[in-house]
Asker: 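Before we start, here is the structure in question, set down as structure tokens.
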2 protein chains.
Amino acid sequence: MEKRSVYCGLVNEEWLDKRVVLKGWVQKRRDLGGVIFIDLRDREGIVQVVFNPATSEEAWAIADKCRSEYVIEISGTVIQRSPEAVNPKMQTGAYEVMADQITILNRAKTPPFPIEDENQVGDDIRMKYRYLDLRRPQMTKNLLLRTKTTQAIRRYLDDNDFLDIETPYLAKSTPEGARDYLVPSRVHPGHFYALPQSPQIFKQLLMASGMDRYYQIVRCFRDEDLRGDRQPEFTQVDIETTFLTAEEIQTYTEGLIQKVMKDVKGIDVTLPFPRMTWQEAMNRYGSDKPDTRFEMELIDLSETVKDIDFKVFQMAIENGGVVKALNAKGAADKYSRKDMDQLGQYVSQFGAKGLAWLKVEEDGLKGPIAKFFKEATEAIIAATNAEVGDLLMFGADSFEVVSATLGAVRTRLGKELGLIDATKFNYLWVVDWPQFEYDEEAGRYVSAHHPFTMPKASDVELLATDPARVHAEAYDIVLNGYELGGGSLRIHTREVQEQMFETLGFSRREMTEQFGFLLEALDYGFPPHGGIALGLDRFAMLLAGEDNIREVIAFPKNGRAIDPMSQAPSTVSPLQLFELNIDVTTSEDDE
Amino acid sequence: MEKRSVYCGLVNEEWLDKRVVLKGWVQKRRDLGGVIFIDLRDREGIVQVVFNPATSEEAWAIADKCRSEYVIEISGTVIQRSPEAVNPKMQTGAYEVMADQITILNRAKTPPFPIEDENQVGDDIRMKYRYLDLRRPQMTKNLLLRTKTTQAIRRYLDDNDFLDIETPYLAKSTPEGARDYLVPSRVHPGHFYALPQSPQIFKQLLMASGMDRYYQIVRCFRDEDLRGDRQPEFTQVDIETTFLTAEEIQTYTEGLIQKVMKDVKGIDVTLPFPRMTWQEAMNRYGSDKPDTRFEMELIDLSETVKDIDFKVFQMAIENGGVVKALNAKGAADKYSRKDMDQLGQYVSQFGAKGLAWLKVEEDGLKGPIAKFFKEATEAIIAATNAEVGDLLMFGADSFEVVSATLGAVRTRLGKELGLIDATKFNYLWVVDWPQFEYDEEAGRYVSAHHPFTMPKASDVELLATDPARVHAEAYDIVLNGYELGGGSLRIHTREVQEQMFETLGFSRREMTEQFGFLLEALDYGFPPHGGIALGLDRFAMLLAGEDNIREVIAFPKNGRAIDPMSQAPSTVSPLQLFELNIDVTTSEDDE
């Protein structure tokens with residue numbers, strides 16, 4: 001083999017009239033009047049290669065045998081295409097290579113689908129032949145973008161004195177949080193490692209060890225039911241620092257994002273990013289990760305409607321809840337009564353009993369419940385800033401249900417009404433989080449972030465008495481309606497950490513068994529510390545403009561946690577199970 | 001908290017007469033005539049901080065309360081120490097900080113061992129309190145060195161168009177090779193993922209997908225019995241390329257190592273590294289990873305001794321074996337008869353029946369077997385280049401046993417006799433490996449590297465007929481007697497891959513079940529490709545001058561695959577096992 005001169009996709013003016021050696025895949029072969037044209041593809045793009053029997057009969061004859069996806073090596077001279085042959089849609093469209101040599105390095109059967117972005121192939125077949133799917137320009141571009149993203153992240157953190165330190169994947173199972181993936185120990189029968197859901201404790205211990213600034217681009221594992229853009233394993237940009245305030249950690253994070261945006265997208269972002277309290281985000285957007293690329297905010301009508309004789313609203317307010325509205329400007333004629341019924345069904349998943357709505361017409365408010373609002377028409381129009389043609393939607397329930405409902409309706413209508421400028425990257429800090437959420441099912445408080453999150457100093461005393469009112473030194477970074485990452489200051493004293501576990505319902509024995517080593521470490525000069533973790537898959541997805549993280553992962557699992565290519569997970573031999581001292585309790589047929 | 005001005009260990013001339021804020025741990029507190037001196041430590045080193053009651057009574061009083069490992073923040077002015085107080089052993093020994101403010105950020109109990117390099121603490125206690133052990137300057141330095149190493153590696157590969165692509169950790173179990181760690185699937189009862197022993201197949205498929213150049217610094221897992229410097233999980237610099245020759249891949253690897261040596265050690269290495277065939281390495285050093293920092297090579301005496309009437313030698317030669325010698329120059333009086341007996345016992349682990357030896361004295365060869373060599377004295381002295389005072393040792397057995405025996409003796413004596421210059425970094429390529437080793441136990445050939453290694457083109461036809469004679473397109477990079485990494489060109493055609501599996505004893509069904517997806521991929525335009533994998537833990541260990549990889553891993557496992565700090569692996573709840581559809585077959589007490 002000769003040495004490649006340049007990637008196909010990078011042939012440019014510099015190479016004009018020069019001899020080149022190119023290697024790649026046959027994207028397309030055409031025979032035009034006895035001359036063969038091959039579109040040759042590599043990871044950087046495509047260039048046209050011409051085989052004229054007048055140049056080399058021998059090369060022409062070999063080129064004639066090439067089929068799609070053959071792997072070839074060619075030599076030739078780069079020339080300018082004639083003006084009428086220039087292809088402005090191709091990066092290399094002004095050039096072509098007059099080839100006089102060609103070697104077939106490997107042949108190819110006809111692939112199960114053509115290697116083109118336009119093809120509409122089912123996800124399962126794409127995943128079964130992932131290596132072919134990745135040949136498609138869009139997928140190649142996505143992996144290149146992801147590489148560029150991690151490079152930018154690493155450079156920024158390297159340049160800011162962060163140490164890249166690896167933590168174990170064979171770790172300890174800690175039932176707090178999501179479900180662990182377990183790994184049976186062969187040497188210690190009945191004992192199991194767990195694949196970490198995050199290196200949280202390890203990175204805190206690295207701060208205890210004085211490493212000062214740590215980062216790791218690290219795989220994390222959660223054995224949860226998969227939905228939307230979840231994967232059993234995902235990648236996190238994991239960061240921890242010592243002696244910094246929450247604001248300083250946010251500033252580093254902003255610097256990191258600024259560099260990524262510049263290096264990967266060529267976009268200059270303005271710093272600092274806006275900050276919003278969790279409460280404000282919920283009030284205005286009904287979401288702790290609001291998409292601020294469009295307005296249509298939630299409007300609190302509790303005061304406005306409190307005297308209106310409409311039972312649904314009255315009850316909500318009497319029960320301590322709220323009444324809020326969304327005004328979809330000019331959307332009245334875009335949603336039929338049937339559409340609104342569907343929307344009403346859609347919101348039931350958020351606990352809402354329905355979605356009341358009104359259309360603003362010349363002669364007042366219209367819709368099934370309009371009759372209740374006759375007298376309040378003006379007040380409502382004023383409060384919602386409504387004009388003729390607007391669609392008003394109402395939520396009346398607890399604050400949580402109304403927020404979830406209208407937040408979801410807002411997101412859905414934002415998309416449906418085309419309110420979102422897809423070229424925008426709206427970053428936002430959501431700060432001042434509540435420390436706990438109440439888990440109705442478990443009948444206890446659970447951490448909104450994780451049990452190592454530091455409560456606001458002024459709220460520490462509420463841990464024992466009124467957990468619902470405790471706020472945390474926690475902050476999320478939100479991008480276009482997605483939680484890009486979350487961070488916090490961490491607890492660095494034993495008393496507070498023990499109090500935290502108590503509030504979460506741990507017995508002293510559970511505390512010691514599961515987290516005794518951390519509690520002990522807190523005794524030996526544990527410095528103030530905090531950090532953040534960013535979801536790399538999601539970040540790359542948003543940068544690539546994709547809507548599923550599968551599109552930026554080389555070998556993802558499908559919705560059933562299977563890799564259709566290698567057929568993992570698979571059965572294993574009885575010897576393997578014997579050596580691990582485990583038995584399968586369910587026969588395969590039960591699956 | 002105020003902002004830190006500079007790391008303690010980096011206080012230098014630039015900071016003279018300036019006010020600084022420092023944060024760190026109290027290494028030592030001394031009271032000298034009413035003035036308190038605190039050695040303040042952070043990851044970059046130590047600086048002396050002075051609290052004079054004349055400067056601030058208040059600060060002095062707080063400083064007086066500080067104990068070892070307290071976390072403090074101080075403000076003060078950097079001054080030059082008086083000439084007699086300069087400490088040349090400290091990086092910052094010419095300066096001290098006159099402090100007027102101090103805040104105790106956290107207190108510390110007396111640690112279980114002092115945070116000093118000199119302390120001799122057992123491994124288990126070090127690992128239990130790993131976060132304290134990592135505070136020791138040597139351990140901190142090791143982690144800093146490792147970070148620098150990975151940075152250098154990444155920069156080099158980034159700059160050479162390699163894409164950093166992640167591959168799955170939840171992969172498929174493939175019985176070929178070492179034992180897998182398994183991960184039970186909850187969703188698919190009776191099915192298991194396996195943690196990858198290496199991303200070998202994934203990286204090959206990335207080449208099939210046209211990614212052209214891939215790298216990943218990736219964790220790998222092997223559930224093997226642990227010894228020496230093995231860990232259940234280890235980190236690999238995993239590299240794969242398309243369209244390159246073995247020599248080109250080696251050249252990139254050399255460039256990478258050159259950059260690491262320069263960035264991490266400040267050493268300019270000369271390229272290319274020496275190359276030696278596997279056969280030559282075995283002949284001369286009795287090892288496929290020879291330490292070339294010292295000589296003492298194996299000398300083939302089969303010809304010289306073939307007519308000597310010494311049964312051990314005769315039999316070895318008659319059985320198709322060899323007789324070889326080592327000459328330990330000037331070592332005769334350093335090894336007593338008892339020492340030699342011990343050495344004889346030591347070599348039994350390599351299959352040797354003993355270790356014949358002779359000392360060269362003024363009046364000839366001496367030792368228990370000297371009488372057999374009366375007539376051959378001159379011939380032996382000539383062949384071994386022996387002089388008075390030398391110690392000659394002999395191996396007489398099969399080539400394999402003699403190589404293993406004398407190779408091990410050579411390594412041991414090299415250390416014992418102080419022949420090794422520890423400042424040297426001797427890199428060496430070992431090339432032209434045999435494709436297979438014969439596994440006596442399994443009664444079949446096994447891969448010397450792995451089943452995807454390409455045989456030399458001229459040897460392909462021997463796969464079916466004479467596997468022992470097949471050589472591979474494989475190369476190992478050796479550093480100071482350690483295998484730093486191994487690589488090869490890979491098979492890229494289906495016929496050869498199938499033939500390879502057949503030679504390895506796979507049935508057609510096993511082939512398809514385990515590697516069907518790879519075989520299928522070979523049909524669709526699989527390009528010529530190859531790569532290498534370097535052991536990062538071992539590389540960092542050698543660069544740090546340590547002799548166990550635990551010293552360059554933040555949270556390693558001990559010799560029983562346990563993390564004594566977090567107590568992983570641990571028992572888990574019955575609910576966890578129930579959800580995974582597995583039972584433990586052995587009660588805990590059996591352990």
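Every chain is numbered from 1, with letters handed out A, B, ... down the list of sequences.
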Asker: So what's closer than 4.5 Å to chain A heavy atoms on B/Leu580: side chain, backbone, both or neither?
Answerer: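 Interface part for B/Leu580: side chain.
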Asker: Ignoring hydrogens, what is the shortest heavy-atom contact between A/Arg43 and B/Gly210? Give both atom names and the distance.
Answerer: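 Heavy atoms of A/Arg43 and B/Gly210 come nearest at CB-O, 3.1 Å.
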Asker: May I ask you to establish whether A/Arg213 and A/Phe162 are in a cation-pi arrangement, using a distance under 6.0 Å from NZ or CZ to the six-membered ring centre and at most 45° from the ring axis?
Answerer: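 Yes, A/Arg213 and A/Phe162 form such a contact.
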Asker: I'd like to check B/Ile104 versus B/Val71 (side-chain heavy atoms, cut-off strictly below 4.5 Å). Are they in contact?
Answerer: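 Answer no - side chains too far apart.
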Asker: Name the option with the most non-hydrogen atom pairs under 4.5 Å to chain B; the candidates are A/Lys109, A/Gln567, A/Lys557.
Answerer: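 Ranked by contacts with chain B, first place is A/Lys109.
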Asker: For B/Glu579, which atoms come within 4.5 Å of any heavy atom of chain A: side chain, backbone, both, or neither?
Answerer: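 Contact with chain A: side chain only.
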Asker: In terms of heavy-atom proximity below 4.5 Å to chain A, should B/Leu195 be classed as side chain, backbone, both, or neither?
Answerer: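 The answer is the side chain of B/Leu195.
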Asker: Test your reading of the model: is there a side-chain donor-acceptor pair from A/Asp164 to the backbone of A/Tyr214, 3.5 Å cut-off?
Answerer: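 No, A/Asp164 side chain to A/Tyr214 backbone: no donor-acceptor pair under 3.5 Å.
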Asker: Could you pull out the closest heavy-atom pair between A/Asp159 and B/Arg155, with the gap in Å?
Answerer: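 Minimum heavy-atom contact is OD1-NH2, 3.9 Å.
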Asker: Sort A/Leu577 into side chain, backbone, both or neither according to what part of it lies under 4.5 angstrom from a heavy atom of chain B.
Answerer: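 For A/Leu577, the side chain is the part near chain B, not the backbone.
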Asker: Side chain, backbone, both or neither: which part of B/Ile553 has a heavy atom under 4.5 Å from chain A?
Answerer: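 Neither; nothing under 4.5 Å.
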Asker: Among A/Tyr70, A/Phe526, A/Phe515, which residue forms the greatest number of heavy-atom pairs with chain B at distances under 4.5 Å?
Answerer: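 The residue among A/Tyr70, A/Phe526, A/Phe515 with the greatest pair count is A/Phe526.
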Asker: Check whether B/Thr140 gets within reach of chain A through its side chain, its backbone, both or neither, counting any heavy atom under 4.5 Å.
Answerer: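 Contact with chain A: backbone and side chain both.
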Asker: Tell me whether the guanidinium CZ or amine NZ of A/Arg4 lies under 6.0 angstrom from the six-membered ring centre of A/Tyr7 and within 45° of its axis.
Answerer: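 Yes.
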Asker: What part of A/Ser570 gets within 4.5 angstrom of chain B, counting heavy atoms only: side chain, backbone, both, or neither?
Answerer: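 Both parts, backbone and side chain.
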Asker: Do A/Tyr129 and B/Glu520 pair up side chain to side chain, a donor and an acceptor below 3.5 Å, judged on atom types alone?
Answerer: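 Per modelled atom types, A/Tyr129 and B/Glu520 side chains form a pair under 3.5 Å.
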Asker: Report, by ascending residue number, the residues of residues 167-174 of chain A in heavy-atom contact with chain B at a distance under 4.5 Å; give 'none' if the set is empty.
Answerer: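 Listed by number: A/Thr167, A/Pro168, A/Tyr169, A/Leu170, A/Ala171, A/Lys172, A/Ser173.
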Asker: Flag yes if more than 12 heavy atoms outside A/Lys128 fall under 6.0 Å of its NZ atom; otherwise flag no.
Answerer: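 Counting neighbours around NZ of A/Lys128, 12 or fewer heavy atoms of other residues, nucleotides or ligands fall under 6.0 Å, so no.
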Asker: For B/Phe221, is it the side chain, the backbone, both or neither that has a heavy atom under 4.5 Å from a heavy atom of chain A?
Answerer: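 Only the side chain of B/Phe221 comes within 4.5 Å of chain A.
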Asker: Got A/Asn581 and A/Arg186 here, is their nearest side-chain heavy-atom distance under 4.5 Å?
Answerer: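 When only atoms from C-beta onward are counted, A/Arg186 and A/Asn581 do not touch, as no gap falls below 4.5 Å.
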Asker: Go through the atoms of B/Leu536 and report whether side chain, backbone, both or neither lie under 4.5 Å from a heavy atom of chain A.
Answerer: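 For B/Leu536, side-chain heavy atoms alone lie under 4.5 Å from chain A.
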Asker: Looking at B/Ala568, B/Gly525, B/Pro111, B/Ala561, which one has more heavy-atom pairs under 4.5 Å with chain A than the rest?
Answerer: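 Top count of heavy-atom pairs under 4.5 Å with chain A: B/Gly525.
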Asker: Do A/Leu206 and A/His529 have side-chain heavy atoms sitting under 4.5 Å apart?
Answerer: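 When only atoms from C-beta onward are counted, A/His529 and A/Leu206 do not touch, as no gap falls below 4.5 Å.
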Asker: Between A/His188 and B/Arg560 (side chain of the first, backbone of the second, donor and acceptor by atom type, cut-off under 3.5 Å), is there such a pair?
Answerer: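 Present.
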Asker: Considering only heavy atoms, which portion of A/Leu105 lies under 4.5 Å from any heavy atom of chain B: side chain, backbone, both, or neither?
Answerer: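 For A/Leu105, heavy atoms of backbone and side chain both lie under 4.5 Å from chain B.
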Asker: Yes or no on side-chain contact (heavy atoms from CB on, under 4.5 Å) for B/Leu143 and B/Thr147, after CA distance, side-chain angles and deciding distance?
Answerer: CA-CA 6 Å; B/Leu143 292 193; B/Thr147 284; 5.8 Å; no
Asker: Any side-chain heavy-atom pair from B/Leu145 and B/Asn142 closer than 4.5 angstrom?
Answerer: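 Of all side-chain heavy-atom pairs linking B/Asn142 with B/Leu145, none is under 4.5 Å.
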Asker: Picking from A/Asp563, A/Leu205, A/Val183, A/Asp212, which has the most non-hydrogen pairs under 4.5 angstrom with chain B?
Answerer: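 The option with the most such pairs is A/Asp212.
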Asker: Measuring heavy-atom distances to chain A, does B/Gln216 have an atom under 4.5 Å in its side chain, in its backbone, in both, or in neither?
Answerer: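 Only the side chain of B/Gln216 comes within 4.5 Å of chain A.
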Asker: Taking every non-hydrogen pair under 4.5 Å, which of A/Ile165, A/Asp42, A/Thr493, A/Thr235 racks up the most with chain B?
Answerer: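 That would be A/Thr235.
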Asker: With only heavy atoms counted, which part of B/Ser68 is less than 4.5 Å from chain A, the side chain, the backbone, both or neither?
Answerer: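 Contact with chain A involves no heavy atom of B/Ser68 at all.
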Asker: For atom CZ of A/Arg107, decide whether the heavy atoms of other residues, nucleotides or ligands shown that lie under 6.0 angstrom number more than 12.
Answerer: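 Incorrect, the count does not exceed 12.
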Asker: One thing to verify: whether B/Arg154 and A/Asp158 come together as a salt bridge, which I'm taking to mean a side-chain N less than 4.0 angstrom from a carboxylate O.
Answerer: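 No, A/Asp158 and B/Arg154 are not salt-bridged.
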Asker: Relative to chain B, which segment of A/Gln204 carries a heavy atom at a distance below 4.5 Å: side chain, backbone, both, or neither?
Answerer: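 For A/Gln204, there is no contact with chain B at all, as no heavy atom is under 4.5 Å.
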Asker: As a quick check of understanding, evaluate side-chain contact (heavy atoms from CB on, under 4.5 Å) for A/His492 and B/Asn106, giving each step before the final call.
Answerer: CA-CA 8 Å; A/His492 67 279; B/Asn106 211 348; 3.4 Å; yes
Asker: With a 4.5 angstrom heavy-atom cut-off, which part of A/Lys148 approaches chain B: side chain, backbone, both or neither?
Answerer: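 For A/Lys148, there is no contact with chain B at all, as no heavy atom is under 4.5 Å.
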Asker: Between A/Val584 and B/His191, is any pair of side-chain heavy atoms under 4.5 Å apart?
Answerer: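 With C-beta onward as the side chain, the pair stays apart.
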Asker: Identify which part of B/Ser566 has an atom lying under 4.5 Å from any heavy atom of chain A, answering side chain, backbone, both or neither.
Answerer: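 Both parts, heavy atoms under 4.5 Å.
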Asker: At a heavy-atom separation under 4.5 Å, does A/Leu132 approach chain B through its side chain, its backbone, both, or neither?
Answerer: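 For A/Leu132, the contact with chain B is made by the side chain alone.
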Asker: Count the heavy-atom pairs under 4.5 Å between each of A/Arg179, A/Lys3, A/Glu248, A/Arg146 and chain B, then report the option with the highest count.
Answerer: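 The option with the most such pairs is A/Arg179.
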Asker: Looking at chain A, which one of B/Thr150, B/Asp223, B/Leu134 has the largest number of heavy-atom pairs inside 4.5 Å, strictly under?
Answerer: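 Among the listed options, the one with the most contacts to chain A is B/Asp223.
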Asker: Identify which part of B/Phe578 has an atom lying under 4.5 Å from any heavy atom of chain A, answering side chain, backbone, both or neither.
Answerer: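 It is neither, since no heavy atom gets under 4.5 Å.
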Asker: Under 4.5 Å, counting heavy-atom pairs only, tell me which of B/Ile72, B/Leu522, B/Asp225 racks up the most with chain A.
Answerer: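 Option with the top pair count is B/Asp225.
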Asker: Which residue out of B/Phe202, B/Phe243, B/Tyr181 racks up the most heavy-atom pairs below 4.5 Å with chain A?
Answerer: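 The answer is B/Phe243.
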Asker: Using only atom types and a distance under 3.5 Å, with no angle test, would you say the side chain of B/Thr241 pairs donor to acceptor with the backbone of B/Leu244?
Answerer: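 A pair under 3.5 Å: no.
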Asker: Is there side-chain contact between B/Pro184 and B/Tyr193, with heavy atoms separated by less than 4.5 Å?
Answerer: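 Contact flag for B/Pro184/B/Tyr193 side chains = no.
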Asker: Where does A/Pro528 contact chain B at under 4.5 Å (heavy atoms): side chain, backbone, both or neither?
Answerer: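 For A/Pro528, the contact with chain B is made by the side chain alone.
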Asker: With only heavy atoms counted, which part of A/Asp180 is less than 4.5 Å from chain B, the side chain, the backbone, both or neither?
Answerer: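 Interface part for A/Asp180: side chain.
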Asker: Below 4.5 Å, heavy atoms only, C-beta onward: do A/Glu69 and A/Val26 meet side chain to side chain?
Answerer: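 No; the side chains remain at least 4.5 Å from each other.
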Asker: Could you walk me through whether B/Ile582 and A/Asp583 pass side-chain contact (heavy atoms from CB on, under 4.5 Å), step by step?
Answerer: CA-CA 5 Å; B/Ile582 58 172; A/Asp583 258 354; over 6 Å; no
Asker: At a heavy-atom distance under 4.5 Å, which candidate from B/Ile217, B/Asp161, B/Asp133, B/Ile115 has the highest pair count against chain A?
Answerer: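 Of B/Ile217, B/Asp161, B/Asp133, B/Ile115, B/Asp161 has the most heavy-atom pairs under 4.5 Å with chain A.
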Asker: Which one wins on heavy-atom pair count under 4.5 Å against chain B: A/Met139, A/Met565, A/Lys23, A/Arg219?
Answerer: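 Option with the top pair count is A/Arg219.
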